[in-house]
Each structure stands twice: as structure tokens, then as C-alpha cells.
**Q** 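I have a structure I would like to understand better, so I am pasting it below and will then ask my questions one at a time.
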Amino acid sequence: MKFFADTADTGEIRELAATGLLDGVTTNPSLIKKSGRKLFEVLEEICTIVDGPVSAETVALDYETMLKEGQKLSKISKNIAIKVPMTVAGLKTCKALRADRIMVNVTLCFSATQALLAAKAGATYISPFVGRLDDVSEDGMELIGDIRLIYDNYNFQTQILVASIRNPLHVLEAARIGADVATIPAAIMKQLFKHPLTDKGLEAFLKDWKKTGESIL
Ligand code: E4P
């Protein structure tokens with residue numbers, strides 16, 4: 001499973017990229033606002049840090065303007081993936097951009113039938129929002145399982161990008177189901193490294209090592 005960072009904070013992205021485990025980045029208008037930076041400036045910087053796909057979201061609601069926005073954003077770098085909303089205009093834009101071989105991430109997906117439409121429109125990625133479904137007492141991970149089944153039934157190449165991840169269990173379940181990508185906030189990515197028994201075990205090993213009086217180097 002690929003790991004994308006769900007952030008527009010270039011400090012966080014640099015730190016995660018340094019682990020060698022980062023495969024891409026997703027941004028959205030809320031994350032751009034949180035970064036406090038200009039859209040094009042911050043996307044350009046992210047694309048210098050990460051070679052993998054960097055999602056940049058359109059904001060127009062009509063097809064013509066959305067397509068122009070997507071075309072303009074795609075010129076930032078060859079690794080930009082254009083994020084369009086799961087609407088009729090969004091899927092029309094998806095088809096048009098894919099015809100020009102531009103990567104497209106269809107976002108704000110909350111049902112398996114929406115995911116089916118996005119795959120038929122040739123989306124590179126579909127972004128089902130698991131945390132926001134859990135928030136309204138629907139099972140976000142059940143949706144991921146349904147999409148996996150449907151895509152495998154028809155051999156759709158659209159990649160399932162699990163979004164709105166709120167905890168490490170979402171990452172675990174996404175991997176169990178066989179999702180292609182998890183886009184993860186930096187704080188949750190850091191949590192994945194941690195286990196109290198790792199810390200406790202390391203402390204005990206180092207204590208005993210000190211008693212041997214030896215050194216490796
Ligand atoms: C990323 O592609 C999505 O926009 C993001 O994961 C949404 O997360 P949120 O529901 O925590 O805002």
C-alpha cells in the first residue's frame with residue numbers, strides 16, 4: 001500500500017519524505033488555508049520535495065471553469081494529480097483531463113456507486129472519505145471493501161485512495177482490504193512507528209548493553 005501525506009505543510013512533508021516511506025501528497029482547499037500560503041507557491045514547493053503524485057484540487061463547480069483550473073494546475077509539474085469533486089461536472093472534467101494523460105483524483109466519494117462512476121470516467125484515483133462517514137455513524141471501511149470488490153470484479157485500474165483517515169486502525173483496515181493508497185495526516189503517520197513495547201524493549205536492551213562495557217564502533 002502506498003502512503004501519501006495528507007497535508008500542505010512543507011515542513012511536515014520534508015520530515016516524512018526523509019523517512020523514505022512517502023509515496024505522494026494530497027492537498028485540499030482546507031489544507032491550503034491551514035498552511036497560510038499561496039496555492040501555486042506551496043504546490044510548486046511540494047513538487048520539489050516529492051516525486052510521487054501531488055493532488056491539487058479545483059474549486060469551480062461548472063465543467064468549463066473546472067477544466068481550465070485543472071489544466072492550469074497540471075502545468076505546475078508532471079507529478080500533479082488534479083482533484084475534482086464527485087459531481088457530473090467533476091466526472092466530465094475527469095474524462096477530459098485523462099484524455100490528455102493528466103492524473104485525476106476524484107474526491108468527496110461517499111458511496112460505492114459514486115466510485116463505480118469515477119472508475120468509468122477513467123479516474124486515476126478515487127478518494128472515499130472514511131472518517132467523515134464514521135462521523136455520521138456510517139461504516140467508512142465497509143465502503144472501502146465494497147469498492148475493492150467492485151473494482152476487482154471489472155478489473156478497473158482506478159486506485160482506491162483511502163482519505164479522511166483519523167487513526168492508525170483506519171490504515172490497518174485499509175491495508176487488510178487491499179486499498180492501493182492511504183493518505184495520512186502527519187501526526188497519524190508518526191503514530192504508526194510507535195508501540196510501547198518497542199520503547200520498553202529498546203530501553204532494556206540498551207541498559208544491558210551498557211553493562212557489557214563494549215562498543216560496536
Ligand atoms: C484528502 O484527499 C482529503 O481531502 C482529506 O483526507 C479529508 O480529510 P478530513 O475529512 O479529515 O478533512
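Read the numbers this way: they start at 1 and go in the same order the structure lists the ligands and their atoms. Count residues from 1 along the sequence.
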**Q** Would you say T58's side chain and K83's backbone share a donor-acceptor pair under 3.5 angstrom?
**A**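 Answer holds: yes.
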**Q** Under 4.0 Å between a side-chain nitrogen and a carboxylate oxygen: does that hold for K72 and E69?
**A**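 No.
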**Q** If you measure from the Lys or Arg side-chain nitrogens to the Asp or Glu carboxylate oxygens, is any gap between D100 and K95 under 4.0 Å?
**A**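 No, this pair does not count.
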**Q** List the protein residues in contact with ligand 1, where contact means a heavy-atom separation under 4.0 angstrom.
**A**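 Ligand 1 is contacted, at a heavy-atom distance under 4.0 Å, by D6, T26, N28, K83, F129, R132, A163, S164, R166.
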**Q** What salt bridge (charged side-chain N to carboxylate O under 4.0 Å, His left out) pairs are there with at least one residue in residues 106-118, not counting sequence neighbours?
**A**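 Checked against salt bridge (charged side-chain N to carboxylate O under 4.0 Å, His left out) - neighbours excluded - no pair reaches residues 106-118.
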**Q** Give a yes or no on whether the backbone of D139 and the side-chain of D134 come within a donor-acceptor separation of less than 3.5 Å.
**A**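 Checking the backbone N and O of D139 against the side chain of D134, no donor-acceptor pair under 3.5 Å is found.
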**Q** Could you verify whether a donor N or O on one side chain and an acceptor N or O on the other, from S77 and N79, lie under 3.5 Å apart?
**A**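 The answer is yes; a qualifying pair exists.
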